[in-house]
Amino acid sequence: MDVDGKRRLSLQQPVPGRPRWQGRSRPRRTARRTAGLLLSACLCFIAYAQWRQLPHSPSSVPPAGSDITVHGLSVKRLQDDLATCSALRRKPQDPIGLGRKENSRYIDGHAPTLVKNATVWVGEPKEGTDPEAARNGKGYGWIRSDVYLEYGLIKKVEAAIGLSSVASDTIVFDARGRPLTAGIIDMHSHAGVGSLPSLWGNEDTNEMSANISPFVRSIDALHPGDPQIQVIKSGGVTTSLVLPGSGNNMGGEAYVIKHAVGKADGRNETSAADLLADPDRNWRYMKMACGENAKRVYGRPGEAGPMSRMGESWDFRHAFEQATKVVREQDDWCDTAAAHGVHNHRSYLPQELRWESLGALLRGQVHLNTHCYTISDLEAFIDHTNEFKFKLRAFHHAHQTFLVPEILKRAYGGDPPASALFADNMYYKAEANVASEFAGKMLWDSGLTPIYVSDNPVLNAQHVLFEAAKAYKYGLPYHAALASVTAAPAERLGFGQRLGKIKPGYDADVVVWDSDPLSVGATPVQVWIDGTAQLEDPVELDKPAVELIVPDQDLAHLPGEPVQADEVVFTGVTHVLLDETSVDRKIGAKGIAVVFSKGRLTCLGDCQDELQAATKSNTPVIQLKNGYLTESFTAFGSKIGLNAIDAENDTDDGPNPNTFVRAEDGLVLDNQKTNASYTYGVTKAISAPSFRGGFSHRGTSVGFLTGAKTVVGQDAVFASDVSAHYTFDTSVKQDGTPSISAAVGSLRRKLLEAHASSSSDETTKDVHSESAFLQKVVNGSLPLVITVHSADTIGALIKVKKAVDEVTKASIRLVILGGAESWLVAEELAAAKVGVVLAPLQSYAVSWDQRRALTGAPLTNGTAVDKLLEAGVVTAIGLEEDWLVRDLGLLAGIVYRNGGGKVDEKGALDLVSGNIYKLLGLKQPGSKSGHFVISEGSPLDIGSRVKAVGGGAGQVTMFAK
């Protein structure tokens, strides 16, 4: 027992000589006295505590002029906190449009502009149109009008505005009848935070130090000098929502900017703040993300999470819980201050910067945009909105929203989120694999709002309007497609009274186009932001008079399931553009008949006997409207046939950084990519093995039929080893290859060694080895395809070819794949007889080795394809990403529409068919082999639809409405 215990025992011993009761009486009286004192103290404390809770009488308030309360708190800070209470409870409203005298972004001294003779898309139906009828397109249309811009606003939209009615210093712009729309709005961009060309030092899109980071702000990383901001504007985009990335579940605050930067664009300063579309900052914006990204970035078993969607949902809910707690504490403080004054507070207003922006979301001050793909993610997040009572403006990417419209309609607040989509970009990861190009149309039919976005630099936002155009092609009504990049994002961003329409009181963000904005190749003639023209001496393309699209109601009918037929007759074919058939291309409006038997073309023309026989035998006879018969297309440079889902290793043949392999050995058919290819008339593909993933290649490519079900199927492979492939972009600088120069030198050495081996009659035991294939390369029998963008590296490769050719006395068949900067050496390529497969067709400075890419009109006079064709370089169009397989005809259409007559329709189609085979020295499986496409409308135009495909299998596949 311890010392204290012994002492307690000694006090309990009786005093000698006294009765036991005497010895105990004294301690008892002491205990009673002590207990009484304690009871009195407790009562006094309780009374004091109760008094402290009562409102102070005036005598308890510190004397006038005191800076400190009786509780030692700063009066000024408490008063500031009370003012903060008002800000916390502010309910934002969409900023007004009509009624302003001038735009708050207007810079004094800018002269007004009168746009004369424009064909104007107002962006809303005529007044008095029934809302349901308007949703179906009634009341919308183009009007002939003038538009007057003054003080940064649209002041007048009237026919024949007289010069006498406007300011004397007004600048007059004659639109010459061309289309005028509101500026395009891109509601998902990383311009400025992920500056281009992409370099490690410039990359600020994602703050990935923590999965939950609502406290970071994209404006703090926004670089006004990002060249891509100007490139984007050249596509008619005047406004963008610049979001943090989707690497974490809560990515941070976003900002809406306009693409006018510095004095050159009519501004007084170059700053991120000056870019803000609303200098008054009525609304705030935030980015969140569900799904694969966060668990891929943060998931480390036993160390960090989330590892699953369950973990992500917990992270969301826990963060909302923390913010809710702060909001409640603030509300309690503010309520007490309002009722009893700030002097009674024992603490300052609870504020935690970490949760401030999330608290603002819960208070209804933030427009939230959330990246979500799958049904499970969509449903979980909608549940979060209801549990924590916040609104959601849009799901982004939103690939599966078209499957679950009713889930979206359950969102808190009774305002279903929009779906911010790509038109047909899919397959790049598992959550993007379940998708449909018809999603926009199906969402619209369900009463929801589709919006089309770029996710720049994932897609070049210069061409975000092309996404809306494709949405129209895939069935979205014309007026809704235009709204999807104008009025719809304006409304979702809280700018519905200022942006997205051509009406008095709206911001003077205006674009005049050289053709219908939803047509293939539509290009701005001039762009105004806040009434100031943005393009100095813009390049205008040589195009015929504008023909506005007449909305085709048939596009609203989705294609049915494919039907196979041995025999079929098509009538109403007005254009035949085949390699192996001589037909007058100007057939006439009535058209001719085209007959197929066992998948082969048997009659072309009047075909009366065949028509009569078809009637008797119940053979399908299909009447076409402006029918086209063309060669089928070929996908070159993609991973189609070697990959099903880009980011999933199990569905991929895999990278080959150190080995030289054959694509045929890894070929896998009958998946979504091959099936989509066939459906859109791409019946053939030539694919090469991957080097390091992405758009890189190493090994020999294989030519195969996309309609084949297995690699051993009849004629599944039409060419086993088409060409030898290497990659010389920045990805080559790894492992044992430290530099581009080392890679070029290694290739030169391998080619010369291959020649030496063949000259010495050395027998190569493995006919499928790299050395064996390079022997064929040096003797000219096997093409050498190099994936490369840099003009300098292309120049080095031309020198390698020349050096090896001098030694071998033969000629290497060299083909450049990629070629963003190939235009800089177009003359040298032509002289060396080196061809180019452009991928992408419309390059931009997404990487350092593409930084000198030509963006095209209105900034540059042409793109790479124009310069190459002018120089006489044999050119084709390849695919840098597999999802583009649906767009091959439209990409060729851009060259046709914007090329100033460099190619005719057949020449444009050759860019995605015949020219590829010409470059490779390979015979194309053509119409005589049963490869063809039947479409209504030119496959080069946005309104075309594939109606039938022949893939060399002895049958015709038809796609009914």
Side-chain angles (χ1 to χ4, degrees), residues 424 426-427 433 435-438 470 473-474 558-566 568 570 578 596 598-601 622 628-645 651 663 667-687 701-719 877-879 881-892 909 912-913 916-917 924-927 929-936 939 944-961:
D424 48 17
M426 54 188 79
Y427 312 137
N433 196 48
S436 173
E437 60 270 39
F438 305 108
K470 288 187 290 183
K473 176 183 179 67
Y474 296 137
L558 301 186
E561 290 297 316
V563 176
Q564 306 291 336
D566 294 326
V568 62
F570 295 94
L578 300 176
F596 293 94
K598 296 182 179 180
R600 299 293 195 271
L601 178 62
I622 299 174
Y628 271 69
L629 170 60
T630 69
E631 297 288 345
S632 64
F633 305 152
T634 297
F636 185 82
S638 73
K639 295 297 184 292
I640 294 170
L642 297 171
N643 173 286
I645 304 173
T651 75
L667 198 60
V668 178
L669 303 179
D670 193 21
N671 56 49
Q672 284 184 268
K673 290 183 179 179
T674 58
N675 295 338
S677 301
Y678 187 87
T679 299
Y680 283 86
V682 183
T683 67
K684 298 150 288 187
I686 299 173
S687 298
S701 51
V702 61
F704 64 93
L705 305 185
T706 60
K709 298 304 178 185
T710 68
V711 297
V712 294
Q714 183 179 6
D715 299 325
V717 173
F718 65 83
I877 297 173
L879 297 178
E881 294 188 72
D882 297 352
W883 62 269
L884 284 161
V885 71
R886 292 178 173 83
D887 299 344
L888 271 176
L890 300 180
L891 295 174
L909 291 169
V912 293
S913 55
I916 294 170
Y917 298 89
Q924 175 181 203
S927 57
S929 302
H931 288 272
F932 59 86
V933 181
I934 294 280
S935 58
E936 281 194 327
S944 65
R945 269 273 174 91
V946 173
K947 306 302 290 185
V949 174
Q955 288 185 315
V956 177
T957 303
M958 299 178 293
F959 303 95
K961 292 180 182 177

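Owing to the predicted nature of the structure, the values given are computational and were not obtained by experimental measurement.
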Can you sort out the partners of D670 under salt bridge (Lys or Arg N to Asp or Glu O under 4.0 Å), two or more places apart, ordered by chain and number? K709
Roughly how far, to the nearest 0.5 Å, is NZ of K947 from CD1 of I622? 8.0 Å
Salt-bridge present (K470, E437; N to O < 4.0 Å): no
Walk me through whether K673 and D882 qualify under salt bridge (charged side-chain N to carboxylate O under 4.0 Å, His left out). CA-CA 7 Å; K673 290 183 179 179; D882 297 352; 2.6 Å; yes
How close do F704 and G641 get, heavy atom to heavy atom, and via which atoms? CZ-CA, 3.7 Å
So P939 and V933, do their side chains get closer than 4.5 Å, heavy atoms only? no
Mind listing the closest non-hydrogen atom pair of G951 and Y678 along with its distance? N-OH, 3.5 Å
Taken in chain and number order and not counting sequence neighbours, the residues that satisfy ring-ring contact (aromatic ring centres under 6.0 Å, His included) with Y474 are F438
In terms of side-chain heavy atoms, does K684 have a donor or acceptor partner in S632 at a distance below 3.5 Å? yes
Under the salt bridge (Lys or Arg N to Asp or Glu O under 4.0 Å) test, residues paired with R945 that sit two or more places apart: none
Measure the shortest side-chain to side-chain distance between L669 and T710 over non-hydrogen atoms and say whether it is less than 4.5 angstrom. no
How far apart are the C-alpha atoms of D887 and D424, what are their side-chain angles, what is the distance that settles it, and do they pass the side-chain contact (heavy atoms from CB on, under 4.5 Å) test? CA-CA 9 Å; D887 299 344; D424 48 17; 2.7 Å; yes
Any residue meeting ring-ring contact (aromatic ring centres under 6.0 Å, His included) with F633, in chain and number order, not counting sequence neighbours: none
Would you mind reporting whether E881 and S638 have side-chain heavy atoms less than 4.5 Å apart? no
Closest non-hydrogen atom pair between V885 and S677, with its separation: CG2-OG, 3.2 Å
Nearest 0.5 Å, what's the OG1-CG distance between T651 and L642? 11.0 Å
Between the side chains of Q564 and T957, is a donor N or O closer than 3.5 angstrom to an acceptor N or O? yes
What are the two closest non-hydrogen atoms of G926 and E631, and how far apart are they? CA-OE1, 3.4 Å
Which pair of non-hydrogen atoms, one from L888 and one from T634, has the smallest distance, and what is that distance? CD1-O, 3.7 Å
Results of salt bridge (Lys or Arg N to Asp or Glu O under 4.0 Å) for E936 - residues two or more places apart only: none
Residues I877 and V912: closest non-hydrogen pair is CB-CG1, 3.9 Å
Report yes if the side chains of Y680 and N675 come closer than 4.5 Å at any heavy-atom pair, otherwise no. no
Hey, does M426 have a side-chain heavy atom less than 4.5 Å from the side chain of N433? no
Counterpart residues, ring-ring contact (aromatic ring centres under 6.0 Å, His included), relative to F596 (two or more places apart): F932
Heavy-atom side-chain proximity of I934 to Y628 below 4.5 angstrom: no
Using only heavy-atom distances, determine whether the side chains of Q955 and K598 contain a donor-acceptor pair under 3.5 Å. no
Hey, what do you get for CD1 (I640) to CG (L667), rounding to the nearest 0.5 Å? 11.5 Å
Ignoring hydrogens and geometry, is there a side-chain-to-backbone donor-acceptor pair from N671 to T674 under 3.5 Å? yes
